[in-house]
Amino acid sequence: MNVHPHDREQRMTESRIEEQSDGFERPRSLKRRALLGSAWTLSSHLASQFLRLGSNLLLTRLLFPEAFGLMALVQTFMIGLEMFSDVGIRPSIIQSKRGSDPAFLNTAWTIQAGRGCGLWLCACLIAFPAAKFYSEPMLMQLLPVVGLTSLISGLNSTKLATSNRQLDMARLTMLELGSQIVSLIVMLVGAWMFRSVWALVVGGLVGSFLSMVLSHTMLQGENNRFHWDSDAFRELHHFGRWIFLSTVLTFIASQGATLVMPQLMGLRFLGIFKNAQTLSQMSSEVLNSVGDRVLFPSYSELVRERPERLYRALRRSRIVMLAMSWCTSLFFILFGKQLIDLLYDSRYTDAGWMLQILALGSLVGMVGHTYNNVLLARGQSRTISVLLVVEIGVRFTAMFLGNYFGGQQGVIIGLASVGWLMYPALAICYIRISMWQPEVDLPVIAAATGITTVVLFHQHLIPVP
């Protein structure tokens with residue numbers, strides 16, 4: 001069919017206008033979806049953090065710090081099992097060109113279900129050694145039951161990933177918030193009635209089961225069934241083997257302190273520390289969720305179709321995320337002690353200075369975190385694993401040296417210093433792929449160093465033991 005010259009010229013002009021936009025690829029479409037997805041994700045996680053904080057305040061009044069420390073230890077195992085159930089299915093579906101192919105999706109679901117069964121068996125096997133290591137007999141009963149959450153999560157529908165791929169965040173948000181609200185209600189009622197760690201376990205099981213059922217019934221997309229496609233398996237295995245390794249390493253990096261701290265400082269110190277950590281990570285968890293849910297699919301789309309725009313899109317998103325993170329961190333640095341005194345009773349007073357130190361660390365820590373999703377979007381999951389190995393070494397070394405030289409205060413300072421110590425390795429990595437952004441990073445690090453120097457050496461932030 002012939003096209004009138006005037007119509008052809010008008011279409012070319014409209015195309016040029018779209019291409020001049022400095023947002024993401026296909027700006028009119030993808031940028032709108034990214035902004036709307038960001039709005040839904042931010043709303044979801046602000047509500048989620050509010051619910052978590054409210055339930056945390058109630059639980060600290062129902063349980064003593066020692067019991068809360070045991071809950072934190074059990075929750076760490078729950079997080080670990082949940083992370084180990086992720087063998088790269090969601091990022092594989094989001095990143096792959098076959099991400100909407102039913103054969104690919106059902107093969108992915110089959111692998112995921114099998115992994116969930118395996119993880120539950122692993123939870124049963126480690127129960128006895130964990131109970132002996134921590135001298136906590138309850139772990140022998142708790143871990144096999146906690147492991148059921150991985151079995152349940154393994155049956156989650158791939159509609160969760162396809163909805164994320166399409167940046168359809170509205171239903172995902174409602175599903176997750178609904179499951180979380182029901183889970184927290186069960187936890188709080190159970191804790192009030194029985195004053196037991198079992199309330200956390202049962203609440204987690206109820207939330208996982210509800211989320212799994214809703215993933216199949218509430219979302220649109222392919223209904224899963226057991227299926228095997230060899231080509232799909234090879235692609236999933238090639239991408240997912242490094243994702244699985246990086247997930248295991250992420251768990252060790254993020255939760256290693258929780259596993260080691262009871263041996264170094266006792267459950268009471270861990271219980272106090274976890275309250276400070278929960279507050280200090282509120283903004284980073286929200287921003288990381290935006291990165292995982294919105295920026296990663298957006299970067300992946302850019303890599304597939306308009307890679308020349310990736311650097312600019314990354315820089316703009318990083319500036320916004322760093323600005324938001326700094327606002328929260330500066331608030332905690334200035335008012336952390338007062339906030340802890342307001343929210344908690346006198347047993348948790350030490351969480352105040354811990355919160356301030358951790359907030360100082362996040363000033364630089366978020367510099368590296370804002371890069372995270374670009375590597376995954378480029379399919380460089382192996383590089384992520386290498387960086388995580390380096391981070392684990394740095395984190396544990398800093399924590400143990402801090403404990404040796406400074407006791408309790410030294411442990412917290414060591415954990416807070418990881419962002420500074422890791423940055424050279426991150427810079428080298430991103431220089432190699434032409435994604436390093438010194439125009440953003442160096443001014444932020446310089447400002448963070450100045451603020452930290454003033455706070456630590458002129459405000460006498462760290463208490464004398």
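Remember, it's a predicted structure, so these values are computed and weren't measured experimentally.
F273 has its side chain out of reach of L355: every pair of non-hydrogen atoms, C-beta onward, lies at least 4.5 Å apart. You'll find the side chain of C429 reaches within 4.5 Å of the side chain of L387, heavy atoms only. With contacts defined as side-chain heavy-atom distances shorter than 4.5 Å, the pair M354/F269 qualifies. Within the 4.5 Å cutoff, the side chain of I340 has heavy atoms near those of the L279 side chain. Put simply, the side chain of M187 reaches to within 4.5 Å of the side chain of S183, judged on heavy atoms. Side chains of I428 and W436 form no contact here, defined as non-hydrogen atoms less than 4.5 Å apart.
For the atom pair OG1 (T383) and CZ (R378), the distance works out to 9.0 Å, reported to the nearest 0.5 Å. Note that CE of M212 is 11.5 Å distant from CG of L175, once rounded to the nearest 0.5 Å. One distance of note links CG of L125 with CG of L121; it measures 6.5 Å at 0.5 Å rounding.
Shown here is M435, whose CE atom has more than 12 heavy atoms of other residues, nucleotides or ligands within 6.0 Å.
In this structure, the side chain of S163 does not engage the main chain of L160 through any donor-acceptor pair within 3.5 Å. Of the possible polar contacts, none joining the Y134 side chain to the P129 backbone as a donor-acceptor pair under 3.5 Å is found. Side-chain N or O atoms of T397 include none that pairs as donor or acceptor with a backbone N or O of V394 at under 3.5 Å. S325 contributes no side-chain N or O that, together with a main-chain N or O of M321, makes up a donor-acceptor pair within less than 3.5 Å. Side chain of W109 to backbone of N156: a donor-acceptor contact under 3.5 angstrom is found. Checking side-chain atoms of S179 against main-chain N and O of E176 turns up no donor-acceptor pair under 3.5 Å. Judged by distance alone, the side chain of E136 and the main-chain N or O of A131 form no donor-acceptor pair under 3.5 Å. The closest donor-acceptor contact from the side chain of W326 to the backbone of A323 lies at 3.5 Å or more, if one exists at all. Checking side-chain atoms of S211 against main-chain N and O of S208 turns up no donor-acceptor pair under 3.5 Å.
Applying the side-chain hydrogen bond (donor to acceptor under 3.5 Å, both in side chains) test to S280 and every residue at least two apart in sequence or in another chain returns nothing. Considering only residues two or more places apart in sequence or on other chains, R395 meets the salt bridge (Lys or Arg N to Asp or Glu O under 4.0 Å) condition with E391. Remark: Q437 pairs with R318 by the side-chain hydrogen bond (donor to acceptor under 3.5 Å, both in side chains) rule, at least two apart or across chains. Applying the side chain to side chain contact (heavy atoms under 4.5 Å, CB included) rule to P144 yields the partners C124, A127; only residues at least two apart in sequence or on another chain are considered. For the salt bridge (Lys or Arg N to Asp or Glu O under 4.0 Å) test, no residue two or more places apart in sequence or in another chain qualifies with E308.
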Using side-chain contact (heavy atoms from CB on, under 4.5 Å), reason through L143 and I126 one step at a time and then give a plain yes or no. CA-CA 8 Å; L143 282 172; I126 67 172; 4.3 Å; yes

Please assess Y371 against L426 for the test side-chain contact (heavy atoms from CB on, under 4.5 Å), listing each intermediate value before the final yes or no. CA-CA 9 Å; Y371 277 110; L426 293 171; 5.7 Å; no

Report the C-alpha distance between S362 and S329 in whole Å, list the side-chain angles of each, state the deciding distance to 0.1 Å, and finish with yes or no for side chain to side chain donor-acceptor pair (under 3.5 Å). CA-CA 7 Å; S362 68; S329 295; 2.6 Å; yes

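Between P438 and P443, the shortest heavy-atom contact is O-CD, 3.5 Å. The shortest non-hydrogen separation linking P137 to S135 is CD-O, 3.7 Å. In terms of heavy atoms, R347 sits closest to I272 at O-CD1, 3.6 Å. The two residues I333 and A359 make their nearest non-hydrogen contact at CG1-CB, 3.7 Å. Pairing each heavy atom of I93 with each of A161, the nearest pair is CD1-CB, 3.7 Å. Closest approach of N372 and G368 over heavy atoms only: OD1-O, 3.4 Å.
Within the structure, ring-ring contact (aromatic ring centres under 6.0 Å, His included) pairs that include any residue of residues 379-408 do not occur (at least two apart or interchain).
Between Y344 and Y348, the two ring planes are tilted [angle within 30° to 60°].
There is a side-chain donor-acceptor pair under 3.5 Å between D441 and Y423.
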